[in-house]
Amino acid sequence: MQATRLTLICHASTRAQKRGCFALDEPLEMDWQNAAQSFSSRFKHLPRVLCGPETRTRQTATLFSRAATVDEALRDCDLGRWRGAAIEQIQQAEPEALQAWLTDPTVAPHGGESLSQLRERVGQWLQSLERTPGHVLAVTHPFIIRAALLHVMQCPPAQFNRIDVEPLSSTELRFNHVWRLRLETRET
């Protein structure tokens with residue numbers, strides 16, 4: 001059986017990221033239309049391209065392909081009433097709630113999705129890919145990439161906030177009877 005290759009790409013930078021805010025459905029902070037398909041030559045054979053439903057992931061996906069398919073499983077973590085709020089503002093207004101959310105992956109004081117629920121959702125999505133050999137490129141969010149890494153590496157949920165995911169970063173996973181993280185070198 002052919003292996004599944006999954007390349008996770010974090011969406012490009014947004015204004016909310018730069019201001020230290022939880023995301024809204026905002027556009028990218030770059031001229032993505034003129035950059036469309038600028039990364040398409042990065043892969044020898046164009047993979048199947050998936051993306052989250054948000055504007056920022058759909059716009060980033062155009063850097064790789066004009067034919068990206070929206071996959072709801074790649075949607076960002078639902079942060080409920082914290083969406084769009086500055087992290088500093090939440091720290092001042094709801095310090096106990098923020099601390100609980102940062103330390104206990106089962107809580108969702110914002111009324112959205114807990115980190116445990118997110119990890120479960122991403123784990124189910126990864127399991128669905130196990131039956132899909134070939135190369136899949138998924139343009140998504142830092143939270144989704146973190147959850148995927150915790151699932152693959154079988155790390156405790158408390159490690160979630162110890163993973164930094166930069167805009168336009170790439171994470172390579174492979175499945176051949178078991179998921180593996182693959183670190184590749186790039187010629188400079």
Side-chain angles (χ1 to χ4, degrees), residues 1-14 17 23 25-28 30 32-33 35-79 105 113 115-155 157 159-160 162-187:
M1 181 173 131
Q2 184 184 8
T4 300
R5 176 181 174 192
L6 174 61
T7 304
L8 295 164
I9 303 286
C10 182
H11 64 75
S13 186
T14 66
Q17 282 179 310
D25 192 13
E26 71 275 1
L28 299 179
M30 64 179 285
W32 60 274
Q33 291 161 322
Q37 293 193 285
S38 59
F39 293 144
S40 62
S41 64
R42 188 170 168 188
F43 301 100
K44 192 179 219 179
H45 303 286
L46 188 63
R48 181 168 59 116
V49 179
L50 305 175
C51 65
E54 297 85 1
T55 301
R56 59 194 178 275
T57 54
R58 288 183 287 115
Q59 289 175 345
T60 302
T62 67
L63 301 177
F64 298 91
S65 171
R66 293 182 199 269
T69 301
V70 171
D71 187 329
E72 284 294 322
L74 295 172
R75 74 184 182 282
D76 204 357
C77 185
D78 179 359
L79 294 171
E113 188 174 27
L115 296 178
S116 291
Q117 291 168 319
L118 173 72
R119 184 175 176 186
E120 179 67 25
R121 171 167 56 95
V122 172
Q124 289 173 0
W125 176 72
L126 286 169
Q127 286 177 334
S128 76
L129 291 180
E130 293 171 7
R131 299 176 297 279
T132 310
H135 188 184
V136 175
L137 185 144
V139 179
T140 190
H141 310 277
F143 275 48
I144 302 301
I145 296 169
R146 288 175 180 175
L149 287 171
L150 289 181
H151 178 82
V152 167
M153 302 304 293
Q154 300 176 1
C155 294
Q159 303 303 311
F160 187 86
R162 291 187 174 195
I163 302 170
D164 288 332
V165 181
E166 294 292 319
L168 290 176
S169 63
S170 172
T171 303
E172 190 81 22
L173 302 173
R174 302 279 175 111
F175 181 81
N176 190 359
H177 303 291
V178 66
W179 280 105
R180 297 179 190 280
L181 172 63
R182 183 178 182 133
L183 302 177
E184 297 182 345
T185 59
R186 297 253 189 246
E187 291 185 32

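Keep in mind the model is a prediction, meaning the values are calculated, not measured. Residue numbers count from 1 along this sequence.
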Answer yes or no: is there a side-chain heavy-atom contact under 4.5 Å between [X] and [Y]?
{"X": "Pro53", "Y": "Glu72", "answer": "yes"}
{"X": "Phe143", "Y": "Val165", "answer": "no"}
{"X": "Leu150", "Y": "Ile163", "answer": "yes"}
{"X": "Leu118", "Y": "Phe160", "answer": "yes"}
{"X": "Pro142", "Y": "Gln17", "answer": "yes"}
{"X": "Ile9", "Y": "Leu137", "answer": "yes"}
{"X": "Leu181", "Y": "Arg174", "answer": "no"}

Are any side-chain N or O atoms of [X] and backbone N or O atoms of [Y], one a donor and one an acceptor, separated by less than 3.5 Å?
{"X": "Thr60", "Y": "Ala12", "value": "yes"}
{"X": "Arg162", "Y": "Gln159", "value": "no"}
{"X": "Thr57", "Y": "Gly52", "value": "yes"}

Quick one: pull up [atom1] in [X] and [atom2] in [Y] and give me the separation to the nearest 0.5 Å.
{"X": "Gln154", "Y": "Trp179", "atom1": "CD", "atom2": "CH2", "value": "13.0 Å"}
{"X": "Thr171", "Y": "Arg146", "atom1": "OG1", "atom2": "CZ", "value": "11.5 Å"}
{"X": "Asp71", "Y": "Leu129", "atom1": "CG", "atom2": "CG", "value": "8.0 Å"}
{"X": "Thr4", "Y": "Leu6", "atom1": "OG1", "atom2": "CG", "value": "8.5 Å"}
{"X": "Arg75", "Y": "His141", "atom1": "CZ", "atom2": "NE2", "value": "10.0 Å"}
{"X": "Phe64", "Y": "Cys51", "atom1": "CZ", "atom2": "SG", "value": "11.5 Å"}

- Item | Residues which pass side chain to side chain donor-acceptor pair (under 3.5 Å) with Arg121, listed by chain and number, not counting sequence neighbours |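 Partners of Arg121 under the side chain to side chain donor-acceptor pair (under 3.5 Å) test: Glu113.
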
Please assess Leu173 against Leu8 for the test side chain to side chain contact (heavy atoms under 4.5 Å, CB included), listing each intermediate value before the final yes or no.
-> CA-CA 8 Å; Leu173 302 173; Leu8 295 164; 3.8 Å; yes

Could you go step by step and tell me if Val70 and Leu50 meet the side chain to side chain contact (heavy atoms under 4.5 Å, CB included) rule?
CA-CA 6 Å; Val70 171; Leu50 305 175; over 6 Å; no

Write down the atom of [X], the atom of [Y], and the distance for their closest heavy-atom approach.
{"X": "Pro105", "Y": "Pro157", "answer": "CG-CB, 3.4 Å"}
{"X": "Cys155", "Y": "Arg119", "answer": "O-NH1, 2.8 Å"}
{"X": "Asp76", "Y": "Ala23", "answer": "OD2-CB, 4.1 Å"}

Side chain to side chain contact (heavy atoms under 4.5 Å, CB included) filter on Thr55, not counting sequence neighbours, yields Asp25, Pro27, Arg58, Gln59

task = Output, in order, the C-alpha distance, side-chain angles, deciding distance and verdict of side-chain hydrogen bond (donor to acceptor under 3.5 Å, both in side chains) for His11 and Thr140.
result = CA-CA 6 Å; His11 64 75; Thr140 190; over 6 Å; no

- What residue among Arg182, Arg180, Arg5 forms salt bridge (charged side-chain N to carboxylate O under 4.0 Å, His left out) with Glu172?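 Between Glu172 and the candidates, salt bridge (charged side-chain N to carboxylate O under 4.0 Å, His left out) is satisfied uniquely by Arg5.
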
| said: Between Thr7 and Val136, is the side chain to side chain contact (heavy atoms under 4.5 Å, CB included) condition met? List the steps. | reply: CA-CA 6 Å; Thr7 304; Val136 175; over 6 Å; no

Note to self: The test is side-chain hydrogen bond (donor to acceptor under 3.5 Å, both in side chains); show your working for Glu120 and His151 and say whether it passes.
What the structure shows: CA-CA 9 Å; Glu120 179 67 25; His151 178 82; over 6 Å; no

